[in-house]
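These numbers come from a predicted model, not from an experiment.
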Amino acid sequence: MHQTNNFLFNSLNNQQLQAVKHVYGPLLVVAGAGSGKTKALTHRIANLIEGNSIDPYNILAVTFTNKAAKEMKGRLEVLLAQELAFNQFGQPWTTLKEIDQNQLRTNVHQERLQNLWIGTFHSLFSRLLRYDIEKYTDPEGLKWTRQFSIYDETDSQTLVKEIISQDMSLDPKRYDPKKIKRLISNAKNQCLTSNDLLEKAENNFDKTVAEAYKRYRISLSKNNSLDFDDLLLLPVFLLRQNDIVRDYWHKRFKHILVDEYQDTNRTQYELIKLITAGNTEPKKFFNWEDRSIFVVGDADQSIYSFRAADFRILIGFQEDFKTSINDDTNSSLIKLEENYRSSSNILDAANSLIENNSERIDKVLKATKEKGELLTLLSCDDEISEAEAITNKIKSLNNYNQNPIWKNFAILYRTRAQSRVLEESLVRWRIPYTIFGGLRFYDRREIKDAIAYLKVLVNSSDNVSLLRIINVPRRGIGKTTIQKLNELSNRLNIPLWEVLNDKQSLEETIGRSSKGINKFTEVMNDLLCYLENSGPAQLLQLILEKSGYLSDLLSSGTEESEDRRNNLQELINAATQYEEETESGDVEGFLSTAALTTDNDTKKNNPNSVTLMTLHNSKGLEFQNVFITGLEQGLFPSHRSIDTPSLLEEERRLCYVGITRAKERVFLSHARERRLWGGMREATIPSIFLSEIPEDLIDGELPQTGGASIRRDLHLDRLTRVDRNNPNEFVNKPINAVRKLYSGPSKGKSWIVGDKLIHSKFGKGEIIHIFGSGEKISLAVKFGDKGSKILDPRLAPIRYVS
DNA sequence: TTTAGCGCGGTTTTT
DNA sequence: CCGCGCTAAA
């Protein structure tokens with residue numbers, strides 16, 4: 001036991017130690033970037049199990065990403081294996097052979113962690129639903145079975161679109177299904193029902209959304225399906241409704257841990273609270289005698305409010321979970337403020353930046369590392385020279401190494417659209433790179449097709465999947481046929497699948513077209529015979545063969561179809577792996593995994609390559625060198641955020657996240673001109689964030705390569721037309737130029753009627769009138785098609801042009 | 001029933 | 001510029 005304690009405790013600082021030793025009651029750990037929060041989490045779980053003899057069966061550990069869950073699981077495994085190493089071999093972990101280490105990890109995995117629930121919100125609660133969903137009846141009488149399908153964004157989009165245009169006969173142009181889906185999703189994430197929405201409705205549009213929500217829900221139930229949001233919302237309703245179920249999970253999960261608590265939404269919060277409170281509501285205080293809730297988060301890294309995450313939940317934690325004893329010894333807040341990742345210059349820059357936000361928990365990250373290098377500002381002509389400047393930097397920093405180490409570099413951007421130019425530059429210089437995000441493995445067409453077959457076999461009510469595959473491969477079943485059958489199904493109130501199997505009705509309604517349908521149902525009924533006794537891997541194999549999907553691919557013989565076949569083989573491998581990892585190897589479970597897995601964690605990347613990703617994707621990661629690109633008003637911060645303070649603060653947090661990813665070097669780049677989507681070249685204004693980092697922490701640099709020479713190399717003549725002769729104040733004096741823009745033209749520049757200027761949001765404009773005088777002037781500016789605005793020159797993001 | 005061609009719109013997105 | 005959804009024609 002003492003050995004255990006050493007393992008778990010001796011590498012921790014004071015605050016981490018306090019967190020790790022916490023056992024009962026509520027605890028909020030405010031963990032700044034790079035302060036060792038995963039360490040605190042994993043060591044605490046290990047200490048619960050090893051130090052306090054708590055059964056892993058009673059622990060629930062929730063993360064937001066598969067990656068975080070995997071990481072936590074892995075590290076926990078090693079910690080417990082280290083303990084075991086002492087008991088079994090009597091020697092420290094590091095002296096063991098790798099094969100013994102792996103053996104121990106396997107032991108721990110199978111014997112100690114089998115019953116520990118650790119995973120994402122969505123995967124854990126879909127698991128809960130596979131147990132208990134049949135015990136839930138909606139107030140409207142809607143029901144689901146444990147074979148429910150999980151609809152991804154595309155599937156649910158299809159359903160909403162159908163409801164808007166067909167069910168409700170609305171014009172999809174006035175009622176954009178995407179927008180409506182987003183509003184419904186927002187409601188679901190805030191734990192609101194369609195009735196709640198109806199009560200809150202202020203106008204007809206709101207009422208329509210509420211109605212669409214209601215119908216969408218009915219439709220999901222008819223399909224025996226749930227969308228991502230339902231995986232959390234339905235458990236809330238279930239636990240509220242059913243005392244026995246709630247009591248069961250309450251008694252089971254005595255110790256709850258939540259990672260990235262600042263990213264929780266109302267629904268997730270309700271869920272956590274229901275399990276923690278159990279069967280004894282209403283009540284004011286929780287009974288912490290034999291239980292705990294331990295949440296870790298950082299309000300400064302809250303960057304998902306557009307998905308209804310609400311960091312005020314984190315700020316309210318202590319109030320929400322307070323104990324009846326109101327004493328000072330009951331400390332329910334610990335701050336981890338020592339940063340082990342970044343140089344102190346980088347941290348100073350990040351701290352200065354984030355201090356411009358008003359809504360925060362006060363917290364200053366303290367460096368444990370040396371000052372290090374200054375941050376570097378790369379002021380570039382345009383997006384091409386920005387990309388070139390970055391690749392140049394990467395190359396030159398690597399020249400000092402015999403073997404280039406590409407994996408030490410990350411290039412971060414606000415929008416995916418920015419990645420292309422960067423890629424082109426990396427390709428040109430033959431620098432290996434890995435781009436994150438993009439198409440998920442499970443979003444590929446052939447994968448979705450195969451999965452859809454599996455879904456229909458398990459859940460014949462799933463019409464979205466059914467209609468996806470009914471004519472894939474081609475069976476000559478067209479739109480009109482499907483429409484007729486759908487009508488029949490609705491009129492008789494018989495599931496579509498049963499209509500398809502009723503040969504007589506088919507003959508009567510669609511006549512000769514029933515041939516294709518019969519072909520389809522024959523295949524499906526044949527496959528159904530195998531459902532009982534086959535695992536997902538074998539089923540997939542059978543599906544691909546018997547449906548003719550595979551032979552269809554083979555006959556086309558293109559390179560693309562070759563790729564598809566490989567992907568399908570990959571899918572079967574994943575199913576096999578699932579069967580090996582889980583004892584039951586059940587199809588429903590595999591389908592959940594397939595729906596909830598992004599391949600960021602599974603795909604094999606070139607281990608030594610430059611990383612390209614969005615700033616959002618970079619959260620939780622770290623790199624030696626980080627490039628933050630496109631620091632321009634309207635791009636970063638994005639144009640949608642620029643005049644809404646709360647949104648601008650979120651952009652600032654995003655920038656903070658980006659900077660704090662870096663261990664050694666940060667490069668901040670902006671382009672003086674940029675074309676987005678190949679449109680017009682637009683003059684830009686440097687990002688306000690650049691002006692919020694102290695000048696003495698930034699080193700300005702003139703990029704070596706201008707965009708024009710590159711363009712000539714590429715023979716892109718039409719691009720070379722663009723000015724190179726224009727003397728560039730930013731290139732000559734990058735820092736000063738940036739600062740000048742924000743020190744306020746009212747000090748340096750006196751405006752006169754007729755001056756032309758550029759506004760970051762409204763674009764080019766001309767002063768048509770000046771109100772007031774001296775320091776207190778306002779400008780009336782006419783912006784082409786955007787109309788006229790009255791601006792305060794000291795505040796408005798404007799730049800003088802001519 | 002299928003496919004080619006045009007027009008429109010295009011932050012970020014753990015699941 | 002690129003990917004989509006819809007319409008027109010084969």
[N] phosphate, OP1 or OP2, under 4.0 Å from [X] side-chain N/O:
X	N	result
A/N617	B/dT12	no
A/N471	B/dT1	no
A/R474	B/dT2	yes
A/R420	C/dC2	yes
A/T480	B/dT1	yes
A/R475	B/dT1	no

NA contact type, [X], heavy-atom cut-off 4.0 Å: base, sugar-phosphate, or nothing?
X	result
A/T415	sugar-phosphate
A/I150	nothing
A/Y304	base
A/E651	base
A/T481	sugar-phosphate
A/S126	nothing

(Q) To the closest 0.5 Å, what do you measure between CD1 (A/I133) and CG (A/N224)? (A)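 Answer rounded to 0.5 Å: 7.5 Å.
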| message | With side chain to side chain donor-acceptor pair (under 3.5 Å) as the test, pick out the partner of A/S425 among A/E383, A/E386, A/E388, A/R420. | response |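 Only one option passes, and that is A/E388.
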How many whole angstroms separate atom [atom1] of [X] from atom [atom2] of [N]?
X	N	atom1	atom2	result
A/L596	B/dT13	CG	P	19 Å
A/D171	C/dG5	CG	P	17 Å
A/K161	C/dC4	NZ	P	11 Å

Where the side chain of [X] is concerned, which of [options] is the nearest nucleotide?
X	options	result
A/R307	B/dT15, B/dT12, C/dG5	B/dT15
A/T120	B/dT11, B/dT15, B/dT14	B/dT15
A/R640	B/dT14, B/dT13, B/dT11	B/dT11
A/H122	B/dT14, B/dT15, B/dT13	B/dT15

| Taking NZ, NE, NH1 and NH2 as the nitrogens, is one of them in A/D586 or A/R130 under 4.0 Å from a carboxylate oxygen of the other? |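 Salt bridge absent between A/D586 and A/R130.
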query: Do the two ring centres, one from A/H670 and one from A/F636, sit under 6.0 Å apart?
result: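 No.
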**Request:** Give me the ring orientation class for A/Y261 and A/F317: parallel if the planes are under 30° apart, tilted from 30 to 60°, perpendicular past 60°.
**Result:**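 The arrangement is perpendicular - the two ring planes meet at more than 60°.
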Tell me, yes or no, whether the heavy-atom count around A/K448 atom NZ, taken from other residues, nucleotides or ligands under 6.0 Å, exceeds 12.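 Yes, NZ of A/K448 has more than 12 neighbouring heavy atoms, counting only those of other groups under 6.0 Å.
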Need to verify one output field. Residue with the more 5' nearest nucleotide on DNA chain B, A/K479 or A/F228?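 Of the two residues, A/K479 wins.
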**Item:** N-glycosidic conformation, B/dT12 - syn within 90 degrees of 0, else anti
**Value:**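 Anti conformation here, the glycosidic angle of B/dT12 being more than 90° from 0.
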